[in-house]
Amino acid sequence: MTRATYPRAPALPALVTVLIVLAVAFLVLPTLALLVRTPWGRLGSLLAEPRLFDALRLSLVTSVAALVLSTVLGVPLAWALARARFRGRSLLRALCVLPMVLPPVVGGVGLLAAFGRRGIVGEPLATVAGVTIPFSSVAVVLAATFVAMPFLVVTVEAGFRSVDGRYEEAAATLGATRWTLLRRVTLPLLRPSLVAGMALAWARALGEFGATITFAGNLPGRTQTVPLAVYLELERDPDAALLLSAVLLAVSVVVLVLLRDRYLGVAGARRPEANP
Amino acid sequence: MRRTGALALAVLAGCAGAPAAPSGGVQGEVTVSAAASLAEVFAEVAADLERQHEGLTVRLNVAGSPTLVAQVAGGAPVDVLATAAVAPMDRAIATGRVDAGDVVSFAVNRLVIAVEVGNPRGVRDLRDLARDDLVVVVADPAVPAGALAEQVLDAAGVTLRPASLEVDVRAALGKVALGEADAALVFATDVGAGRGRVDAVPIDGVDAVTTYQIAVLTDAPNPTAAAAFVAVLLGEVGAAHLDAAGFGSVEEAGP
């Protein structure tokens, strides 16, 4: 029994191939060059330095916190933007996605204007509760969430739109409660978009610099994340800057690759068959 | 034969008469890398120079001194380098693109305590900066203002727990101007950039001065214009601008 074979797709036009190669080269070359130039031999001694280790630890902790916050707040918002019908929905979507377009430093200034000591929310908070947010680790998380959440919202909103509403209707007619509906039908169908959105948001939070340095400041151990440490280290000890960047890169790649193998994919796509 | 000889002589004379340099005057583009605190003064000097020489464009590249030196080390096509301290210029000399003999000290700057206008928190001296109820920011020690601040605090025996180590002195000033910080250690000349939202509290009893240095790079793309810029800066016009901004002269700082 022969398997049906399909005619091979025509080869890509030469121009398109060239463009693809250029695109890949442009995107990949800086990363490769960074890894080639990194003085890996000094890795051990450099990680032993508390400052650099602190930066790594802070980056990981704050980026994960920002991810959690982005997910908890972002998924309901994405649902509302995708499913709920209300006036001003387009405007709301534009406003929620705005942080993606804003220059990060401008975002930082905005965060100060809102939550700083003289901020709209920050000032009452300081006078009544004695709580100031700038220059704290919380501020780092807030800055990262501000820039990262829109990525999750946009991706998950698209995911909600692509989920076939009929599955949910069928489950509802079969007697599923809203909680069961969410847990057993909607979220599993949403999983690829959700994970993709979370990966994007986490990566963005990890790399945040402008809003962090403006809103949270820069203090080793409390607010100095890896991007900030790299910037300052470039002037002091370029080797350390390279190593720090490479370590962060390695961590990101590992997580993203792990996610990709199991979860990332087009929404609704089936798992590839075992046979070739 | 005679005509050919005369022609040859005329050509030779023409060649000898042509200027050896590509352009006789000051023109084209000149790139000046200047430390953050020099931004305004150098903009004024650049404007003066451009007025004097039509066809000249001065490009100011402003950043913290260590960043400027890193750029020079990386081969950036810069004509002039001006740093806010001696140490960064020494590092530039080490790159081989600056000759020690070309370096000129042209101004000094004094460190002061910047506070909100009216000094609402009542900061009187360096010791007050150690107060628990104050939010104090300084520039990161990697930057001249930050290094000087560290030195000065050390000499005064004050242990500061800053809320943030800003990437350059203007960022530190900005935090005070925005009301996010109560005090910052900045240069006297930076206080003017606070536009009326910042007051300066002088630092007494401790040497709190940094020396600015300038040099034309050995491989400057436009050495004529570069030399002209330096000449204006070191001349009367430049001195007037520096003085008006609050810079001190090298002589008054002492040895």
Side-chain angles (χ1 to χ4, degrees), chain A residues 37 51 54-55 104-106 108-120 122-123 125-127 130-140 143 209-225 227-242, chain B residues 35-36 63-74 83-85 87-88 91-92 94-95 116-117 120-121 132-147 150 160-184 197:
Chain A
R37 282 285 164 87
R51 225 174 80 107
D54 274 346
V105 171
V106 174
V109 174
L111 283 165
L112 277 178
F115 303 110
R117 279 199 328 187
R118 298 283 161 80
I120 302 176
E123 189 160 17
L125 201 65
T127 33
V131 167
T132 49
I133 302 175
F135 306 126
S136 67
S137 303
V138 170
V140 178
F209 176 86
T212 313
I213 201 153
T214 311
F215 182 52
N218 168 58
L219 197 68
R222 202 194 305 165
T223 55
Q224 186 175 74
T225 54
L228 269 54
V230 168
Y231 184 74
L232 287 163
E233 215 54 47
L234 266 174
E235 299 160 357
R236 226 191 301 242
D237 182 0
D239 275 353
L242 278 171
Chain B
S65 302
T67 307
L68 297 174
V69 173
Q71 290 169 347
V72 166
T83 58
R91 286 201 297 276
T95 67
E116 278 180 84
V117 67
R121 310 304 299 266
D132 276 337
D133 61 319
L134 285 184
V135 175
V136 182
V137 298
V138 291
D140 191 273
V143 172
E150 209 178 38
L160 179 68
R161 276 184 315 275
S164 175
L165 304 171
E166 299 293 327
V167 286
D168 67 55
V169 68
R170 289 295 173 90
L173 180 82
K175 293 284 160 80
V176 176
L178 282 171
E180 292 303 327
D182 297 310
R197 299 169 85 163

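Each chain gets a letter, A, B and so on, in the order its sequence line appears, and its residues count up from 1.
- Ranked by non-hydrogen atom pairs under 4.5 Å with chain A, the options L165(B), V135(B), V143(B), V69(B) are led by L165(B).
- More than 12 heavy atoms of other residues, nucleotides or ligands shown are found within 6.0 angstrom of CZ on R121(B).
- Considering CG of L134(B) and CZ of R161(B), their distance stands at 11.0 Å, rounded to 0.5 Å.
- Note: D239(A) CG to L234(A) CG = 11.0 Å, rounded to the nearest 0.5 Å.
- We find the CD-CG distance between E233(A) and L228(A) to be 12.0 Å, quoted to the nearest 0.5 Å.
- Heavy-atom distances place no part of P238(A) under 4.5 Å from chain B, backbone and side chain included.
- In terms of heavy-atom pairs under 4.5 Å with chain A, the best-connected choice from A181(B), G179(B), P141(B) is G179(B).
- Put simply, of I213(A), T223(A), T132(A), V109(A), the one with the most heavy-atom pairs under 4.5 Å next to chain B is I213(A).
- Residue contact with chain A, scored on non-hydrogen atoms closer than 4.5 Å, is absent for D168(B).
- E166(B) contributes no side-chain N or O that, together with a main-chain N or O of N218(A), makes up a donor-acceptor pair within less than 3.5 Å.
- With a threshold of 4.5 angstrom between heavy atoms, P162(B) approaches chain A through its backbone and through its side chain.
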